[in-house]
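Whatever order the structure lists them in is the order used to number ligands and atoms, beginning at 1.
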Amino acid sequence: MYFGVDYYPEHWVYPYAGTPDAPESRWEDDIQLMLEAGVNVVRMGEFAWGLYEPEEGRLDFDWMRRAMNLFGNAGIKVVLGTPTAAPPIWLAKKHPEILPLDEHGRISHEGTRRAYCMNSGVYWDYSQKIVRALAGALGQHPALIAWQIDNGIGGHSTEVSFNDETRHDWHAWLKAKYETIRRLNDMLGLSFWAQRVTHFEDVPMPKHAPYPHNPALLIDWMRFSSDTLVAYMRMQADLLRELTPGIPVTNNLRALSRRYDHFDLAEVLDFVSLDSNATINTKSAELACEIDMIRSLKKRDVRTPDGDCGFWVIEQKAGAVNWQKVNSLVRPGVVRLFTHQLVSRGACGVLYFLWRQPRIGPEKFYGGVLGHDGSPNTRAYQEIKQIGHELRSLGPVLKGTCVAADVCILFSHENAWSLRYTNQPNDAFRYRDHIQLFYTALHDRNIPVDFARPCEDLSKYKIVFAPSLSLLAAGEADLLKIYVQNGGTLVSTFNTGLVDEHHMAPDTGYPHNLTDVFGLEVREFDPLPEGEENHLSFRAGFPATHLHPGRLWCDIIEPKGCQIIATYSKDFYAGKPAMTMNHFGDGHAVYIGTMSTQPFYNDLITWLRNLCNLHPLLKVPDTIEVSMREKDGHKIYFLLNHLNSPVRLHFYKPMHDFLSGNTFTGAYDLPPHGVLVLDEQHEQSHAPVLNESAATKIRTAARAA
Ligand code: GLA
């Protein structure tokens with residue numbers, strides 16, 4: 001298993017480290033400390049353009065080659081970033097047209113990073129040149145095992161720009177999509193406010209305006225901007241595959257939160273990587289949700305450096321960040337716990353951001369493995385050393401194992417854009433929160449979950465949850481129909497099928513194209529202000545443990561053959577259905593017409609578990625997170641205690657723990673933030689994953705390497 005850190009050799013040369021006579025001497029000390037911590041990979045170079053090319057055409061990759069040589073000789077592999085996330089100052093000075101314009105026409109200036117417009121032909125040319133030069137200079141280096149393209153693409157509103165070249169590309173994109181101006185006018189609904197155009201060149205970019213832009217145009221703009229970003233990344237990926245065909249490419253993503261289609265980007269990459277928020281947000285179900293989102297982006301054709309099927313975490317926080325209002329210290333054991341959470345959900349490479357707190361620049365108070373003084377006497381270093389040794393030993397056990405799920409939650413970026421950027425019936429509604437309610441209920445019952453786009457093949461899933469797919473393409477609705485017809489269980493909610501892919505509302509009832517599947521029609525909906533509630537009355541069969549509220553939104557449902565599971569208890573629609581189930585083909589379609597609170601979703605999962613014959617991975621107390629990785633029927637369970645206090649577990653059959661070498665039967669108190677990595681005890685005895693002598697052997701071998 002790959003385990004490592006994000007390293008910036010340029011931060012650790014004279015005058016920041018080393019001496020005038022041996023300016024790079026600190027690199028060797030760092031490598032020694034990394035080896036002792038079990039590090040076998042580093043990521044470097046993603047912001048180094050201005051050092052590789054201090055003046056146009058004057059290229060110097062020697063310093064990075066020297067660093068790579070040292071790492072390679074120590075047996076540590078290298079992931080190299082292409083440096084396009086930070087264009088050099090000279091480039092912006094020579095070609096100010098690469099600087100992005102925002103919706104007000106204001107320039108985002110040079111001097112930090114990401115100040116480039118992805119439609120700029122000039123920037124594409126310079127990007128190609130530096131990537132080509134980098135691959136030519138370092139692409140054959142024996143230590144190189146992967147490329148990271150750019151860095152954490154997107155964020156800080158850099159996914160969109162409003163430059164002249166952007167306008168030009170926008171019009172070309174629209175021409176390719178609509179072909180005729182009449183079709184464009186009709187499909188974008190430009191008769192509204194009489195905004196029809198006579199030439200493609202007249203279609204506006206949605207710049208700042210007195211009133212919101214046409215939603216259909218806005219969604220197209222987001223599609224176009226996402227396609228632009230993906231095309232820019234594809235350009236680099238294709239170039240690297242041509243120049244260094246054996247080296248896979250990745251990018252460090254954030255879980256579905258940036259303004260582009262993450263599934264589309266994943267198609268361009270050989271494997272997906274995550275920038276993890278663990279240690280800032282310590283809500284286990286929210287972090288687990290992000291991890292599962294990332295794992296789900298690429299379900300096939302994964303090509304990782306060691307051939308494993310999972311994803312990498314290229315930036316796992318080693319400590320506090322530097323951009324919150326209060327950047328609290330991370331408590332002991334937390335980094336280890338969340339690293340095991342990442343691995344338990346499919347990570348096959350974990351690197352910490354960052355090796356050492358930089359003495360220079362805006363990120364100098366970002367928690368590193370080492371502090372400013374470079375001493376290994378830090379809590380973080382000791383903890384990471386422990387994790388390093390644990391993962392090094394777990395590597396062979398986990399080799400080739402994958403995470404499998406019977407349940408999936410649908411997510412659509414186009415829908416997310418529609419909910420976020422166009423006027424909505426209830427501004428307080430948050431798509432991500434709605435998804436999290438379902439996810440947390442599944443997570444807390446230890447039921448593994450995948451995420452998928454509505455257009456994917458869903459046939460392998462026993463249950464598909466489709467929360468609030470307000471924008472649902474006609475073809476996507478057809479696929480959901482086929483899924484239920486063939487025996488699947490679909491759980492949908494209010495705010496589904498209100499518009500199609502053209503952002504056009506149906507004239508055939510909500511949810512469009514699915515009223516037959518659910519056996520109902522939504523006649524009206526009543527968005528509720530925050531704090532106001534209706535209540536649900538359940539019919540027999542639903543295991544309601546609480547008085548469940550309906551909040552934010554209540555659909556007024558006319559049943560057309562469905563079974564009623566719950567009704568509203570007040571207002572003029574008291575007694576009308578709030579939750580229904582319909583048999584359609586060989587499957588079931590459940591419809592939930594309102595948003596409730598967490599206990600409702602917990603009860604929902606209990607109900608669905610019986611209906612769909614779903615089993616939790618293991619029966620453990622609610623506060624223990626369980627995940628499983630599996631290969632050829634060999635199941636490896638991870639048990640994580642997220643509490644600050646011990647939790648009592650009961651083992652009804654002997655289970656072997658790879659971390660301690662112990663076999664558990666009967667009662668066992670899992671310590672605060674404790675982790676177990678278990679399989680069922682078989683005839684042959686397992687050696688402990690790590691005992692003192694194993695750890696010593698690893699250290700000796702690492703030193704020898
Ligand atoms: C992202 C970037 C890093 C660093 C951190 C700071 O993860 O990739 O370079 O700036 O943010 O939070």
At the 4.0 Å heavy-atom cut-off, does [X] count as touching ligand 1?
| X | value |
| --- | --- |
| R254 | yes |
| N151 | yes |
| R113 | yes |

- Output yes when the distance from some N or O of ligand 1 to some N or O of W323 is under 3.5 Å, and no in every other case.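 Indeed, backbone or side chain, W323 has an N or O that close.
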
Could you tell me, atom by atom, which parts of ligand 1 come under 4.0 Å of a heavy atom of [X]?
| X | answer |
| --- | --- |
| F47 | 9 (O) |
| D275 | 1 (C), 7 (O), 8 (O) |
| F353 | 3 (C), 4 (C), 9 (O) |

- Message: Are more than 12 heavy atoms, taken from residues, nucleotides or ligands other than H156, located less than 6.0 Å from that residue's NE2 atom?
- Response: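 Counting neighbours around NE2 of H156, 12 or fewer heavy atoms of other residues, nucleotides or ligands fall under 6.0 Å, so no.
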
- Around atom NZ of K283, are there more than 12 heavy atoms of other residues, nucleotides or ligands at under 6.0 Å?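 No, NZ of K283 has 12 or fewer neighbouring heavy atoms, counting only those of other groups under 6.0 Å.
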
- Could you grab the distance from atom CD of E159 to atom CG of D261, nearest 0.5 Å is fine?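 The CG atom of D261 is 12.5 Å from CD of E159, to the nearest 0.5 Å.
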
- Message: Quick check for you: to the nearest 0.5 Å, what is the distance between H141 atom NE2 and R65 atom CZ?
- Response: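 So the gap between those two atoms works out to 7.5 Å.
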
Just need the protein heavy atom nearest to [atom], so name the residue and atom and give the distance.
| atom | answer |
| --- | --- |
| atom 6 (C) of ligand 1 | Y366 CE1, 3.2 Å |
| atom 10 (O) of ligand 1 | E363 OE2, 2.3 Å |
| atom 7 (O) of ligand 1 | E315 OE1, 2.3 Å |

- With sequence neighbours left out, write down each residue that passes disulfide bond (SG atoms under 2.5 Å apart) with C309, or none if nothing qualifies.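 Testing C309 for disulfide bond (SG atoms under 2.5 Å apart), a comparison that skips the adjacent residues, returns C402.
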
- Test side-chain hydrogen bond (donor to acceptor under 3.5 Å, both in side chains) applied to S273 and T250, T304, N251, N252, the passing residue: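 Of all the options given, the one that passes is T250.
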
- Message: Between T378 and V369 (side chain of the first, backbone of the second, donor and acceptor by atom type, cut-off under 3.5 Å), is there such a pair?
- Response: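 Judged by distance alone, yes, a pair lies under 3.5 Å.
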
